[in-house]
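One structure is given here, and the rest of the page talks about it.
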Amino acid sequence: MQKYSIFNLIKNALSNHEKWDLAWKDPTPKKEYDVIIIGGGGHGLATAYYLAKEHNITNVAIIEKGWIGGGNVGRNTTIIRSNYMYDDNALFSEFGMSLWRKMSQDLNYNVMFSPRGIINLAHSDAQMNVYARRGNSMRLNGIDAVLLNREQVKEIIPMADFSENVRFPIFGGLMQPSAGTARHDAVAWGYARQADSMGVDIIQNCEVIGFDVSAGKISGVRTSRGDIKTKKIGLCVAGSTNILAEKLNMRLPIETHLLQACVSEPVKPVLDRVVTFGAGHFYISQSDKGEMVMGGDLDGYNSYAQRGNLPTLQHVLTEGIAMMPFLSKLKMLRTWGGIMDMSMDGSPIIDKTHIEGLYLNCGWCYGGFKATPASGWTFAYTIAQDRVHDLNAGYSLNRFNTGHLLDEKGLGTKTWIS
Amino acid sequence: MLHIKCPHCGMRSQNEFSYGGDATVKRPELNKEISDQDWDNFVYNRKSLRGKHWELWQHLSGCRQWIKVERDTATHEIFNTLKANEDIS
């Protein structure tokens, strides 16, 4: 594989950039693989990368119905954070942060990780108390957290509405300075390129039609490009999890819902943090191109449509304008939607299943992007070692049966409620 | 925007409704032996169909009645609506 470096850049400039190697190959599926990862999104690509890198398992195929990086890793709001209160979520996400910090070097691909900090705004005394508690929990787990008062928030984001007579005045906020953003497409491409260079086959335009299970064990997968034998399958298909689970006669604690996001026209630098509104569900950051990147609530009903409805978008942007009134002057550049695998307690599942050789990675709700490296790392461990790692022990499938829920937001089984 | 025909009030916009989830999920019968799996299926496990899906909605800003709606989760097309006590045929 050609290394990306300043010298190679200059060298290839001399040949008009026409002689770069392909970033990854386009192989035809082999008859058999040691491991097949279904789903060529961020998590699937990361899983294949860590299988090869950490566990030396390189006879691996990623099969993807469309093209790699074309799902949620290509359409999220790029926020990376670990500001969780529960130990399982906090330690998992903070491990992810350690991978994010060195990802560009690891992958030899600039993922433009920008640890600009995230501020969750508080709009009441009670909310300040809750944030103080969450901040303390974070610090006990070694995650940086700073409780900001109104004046401190005003210094950092002066463009927010600090007038006295608003419905949701800003009382302060909780900041995780090490949180940030990254270029989402680069994450998918970086993982794909490295995985490919270590021998992983990335097979695109290959739809899974069915599974071969004999005596409770996985023996292969049937695809639109032929049958492939394997003893281990990792399912990494986010919003399509239920569709594939149905082919295995499995019912999962997952519902597929739609989340929208949008960007404004590009403007000059105005916001150098990620900010979330505390009296509703709205988050915003500014991209390097100057667009304001915004998102908020789910549309609120089961959907595979990958496109949203306007009432939700209007509701989300109303919150945005309440928080930062200048947004009302901006024109909208693009809006889009993606389908989310909403779990019943708001936390993900990375686990083995009752079928030997079938491993499950799903339930990321709307927090999948930041989890990409940690998810890939722990899922690769679980597949390679056939057991869960301490980091994903809390993300078991049977926690819904045993009652060990990870309901970080305390929304009950209707995590899609806004 | 969805337009949902409330069986009590007629065609109304989505803004008046709130969503209540899969309408085919049945609570296990009382005073009978129930397995953990049955409870799991009632409380947590969902089919989350792609395509025609019977679901509960509440006409929150209207008659406040719960209704059943048959909607396509891939196209958002609505085929049928029923009162909450009417059986899905």
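Order of the sequence lines sets the chain letters (A, B, ...), proteins ahead of strands, with each chain counted from 1.
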Would you compute the distance between atom [atom1] of [X] and atom [atom2] of [Y] and round it to the nearest 0.5 angstrom?
X	Y	atom1	atom2	value
B:Arg46	A:Thr256	CZ	OG1	13.0 Å
B:Asp40	A:Thr402	CG	OG1	9.0 Å
B:Phe42	A:Thr413	CZ	OG1	9.0 Å
B:Glu55	A:Glu255	CD	CD	9.5 Å
B:Thr75	A:Arg307	OG1	CZ	7.5 Å

- request: Please flag which part of B:Trp39 lies under 4.5 Å from any non-hydrogen atom of chain A: side chain, backbone, both or neither.
  value: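 Neither part.
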task: Spell out, as yes or no, whether a donor-acceptor pair under 3.5 Å connects the side chain of A:Arg251 to the backbone of B:Asn45.
output: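 Here the side-chain-to-backbone pair exists.
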- prompt: Is it true that a side-chain atom of A:Tyr304 and a backbone atom of B:Ser48 form a donor plus acceptor pair closer than 3.5 Å?
  reply: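 Yes.
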query: Side chains of A:Asp345 and B:Tyr44: does their closest heavy-atom pair fall under 4.5 Å?
result: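 No, side chains not in contact.
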query: Considering only heavy atoms from C-beta outward, does the side chain of B:Arg71 approach that of A:Asn302 to under 4.5 Å?
result: yes
- line: Of the listed A:Leu258, A:Ile243, A:Leu252, A:Ile339, the one with the largest count of heavy-atom pairs under 4.5 Å with chain B is A:Leu252
task: For residues A:Met344 and B:Val43, report the shortest heavy-atom separation together with the two atoms involved.
output: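 Looks like SD-O, 4.4 Å.
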task: Please identify each residue that fulfils side-chain contact (heavy atoms from CB on, under 4.5 Å) with A:Tyr283, with sequence neighbours left out.
output: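 A:Tyr283: side-chain contact (heavy atoms from CB on, under 4.5 Å) contacts with A:Thr77, A:Ile79, A:Leu259, A:Thr276, A:His281.
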Please flag which part of [X] lies under 4.5 Å from any non-hydrogen atom of chain B: side chain, backbone, both or neither.
X	result
A:Ile254	backbone
A:Leu405	side chain
A:Ser303	both

query: Angle class for the A:Tyr301/B:His76 ring planes (parallel below 30°, perpendicular above 60°, tilted otherwise)?
result: perpendicular
field: Those residues that, when tested against A:Tyr84, pass ring-ring contact (aromatic ring centres under 6.0 Å, His included) (two or more places apart)
entry: none
